[in-house]
Amino acid sequence: MPAANANICKARASNMPVHVKNTCETANAMRGMTVKRATAYLKNIINRKECVPFKKFRGGIGRCAQAKNFNTTIGRWPQKSAKYLLDLLQNAVSNAEYAGLDCDLLYVYHIQVNSAPLGRRRTYRAHGVINPYMRHPCHFEMVLTEKAA
């Protein structure tokens, strides 16, 4: 754990219009990575070169061969989540440059995804029935810190 006066930088986003479960799995996969590796990983997700292993929210998800790299069989390529996390990572790196940190030594120390308030709409069904049509946005935050060289 970094000290209270350690070289850290933060970035956070609120009410982002991406699914909280996909974003949570993507964030868990990139925790502990260096900034360079995390950027490459997120770009590989967008290009479907590497998958995101789904370990917590696994219900109804198919298997993929790329998940073998993470010792599981279940994986997906949540591109929208990867794009938003890539933007957040670039924002955190920009904050680090402004603070005078060495960007080559940075790694993802902390990343957290929380559920935001639900967006409520409705859909009209047969026989006069109305059902909810919910949106599941999320908040996320990231802390980068320098590895001890």
Side-chain angles (χ1 to χ4, degrees), residues 1-2 6-99 101-125 129-147:
M1 182 154 191
N7 295 332
I8 64 171
C9 62
K10 301 176 185 178
R12 66 187 321 161
S14 298
N15 295 312
M16 302 312 289
V18 289
H19 294 292
V20 64
K21 292 182 179 182
N22 291 344
T23 310
C24 182
E25 295 286 3
T26 309
N28 288 340
M30 62 183 282
R31 182 177 290 117
M33 291 183 180
T34 63
V35 169
K36 186 176 178 182
R37 171 69 181 121
T39 304
Y41 179 63
L42 292 172
K43 288 180 180 177
N44 285 342
I45 292 169
I46 294 168
N47 295 327
R48 295 178 71 101
K49 304 283 187 206
E50 284 186 89
C51 76
V52 174
F54 275 61
K55 296 185 177 180
K56 184 175 182 182
F57 304 107
R58 309 169 52 103
I61 295 178
R63 295 176 285 189
C64 74
Q66 293 176 358
K68 286 189 276 190
N69 297 332
F70 301 98
N71 297 322
T72 185
T73 57
I74 298 184
R76 275 188 174 170
W77 301 269
Q79 296 180 350
K80 191 172 179 184
S81 296
K83 286 177 186 173
Y84 277 90
L85 286 174
L86 185 61
D87 289 344
L88 186 75
L89 183 64
Q90 290 170 347
N91 187 298
V93 169
S94 175
N95 292 344
E97 289 173 355
Y98 182 77
L101 302 179
D102 185 7
C103 295
D104 295 332
L105 299 177
L106 291 177
Y107 75 102
V108 180
Y109 172 72
H110 168 79
I111 186 165
Q112 178 177 332
V113 178
N114 294 326
S115 185
L118 299 176
R120 300 187 64 92
R121 293 185 289 169
R122 39 186 176 173
T123 185
Y124 300 94
R125 309 299 296 268
V129 175
I130 297 174
N131 282 353
Y133 203 70
M134 309 294 278
R135 228 182 62 175
H136 294 271
C138 58
H139 310 306
F140 33 86
E141 63 185 27
M142 182 182 300
V143 176
L144 304 178
T145 186
E146 290 181 341
K147 269 200 196 294

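Residue numbers count from 1 along this sequence.
Atom-to-atom distance recorded for K10:NZ and Y109:OH is 11.0 Å, nearest 0.5 angstrom. The CD atom of E141 lies 9.5 Å from the CG atom of L88; values are rounded to the nearest 0.5 Å. The CG atom of L118 sits 5.5 Å away from atom NE2 of H136, with the distance rounded to the nearest 0.5 Å. To the nearest 0.5 Å, the span separating NZ on K83 from CE on M16 amounts to 13.0 Å. Taking CG of N28 as the reference point, atom NZ of K55 lies at 8.5 Å (rounded to 0.5 Å).
Using a 4.5 Å cut-off on side-chain heavy atoms (C-beta onward), N7 and L106 make no contact. The closest side-chain heavy-atom distance from M30 to I111 is below 4.5 Å. Using a 4.5 Å heavy-atom threshold, the side chains of I8 and H110 count as separate. In this structure, C138 and V18 have side chains that are in contact, with non-hydrogen atoms separated by less than 4.5 Å.
By the neighbour-count criterion of 12 heavy atoms within 6.0 Å, atom CZ of R12 is sparsely surrounded, having that number or fewer from other residues, nucleotides or ligands. Within a 6.0 Å sphere centred on CZ of R31, heavy atoms belonging to other residues, nucleotides or ligands number more than 12. Counting non-hydrogen atoms of other residues, nucleotides and ligands closer than 6.0 Å to NE2 of H139 gives a total above 12.
Under the side-chain contact (heavy atoms from CB on, under 4.5 Å) criterion, Q90 pairs with L86, D87, not counting sequence neighbours. Residues meeting the side-chain contact (heavy atoms from CB on, under 4.5 Å) test with K68, sequence neighbours left out: A65.
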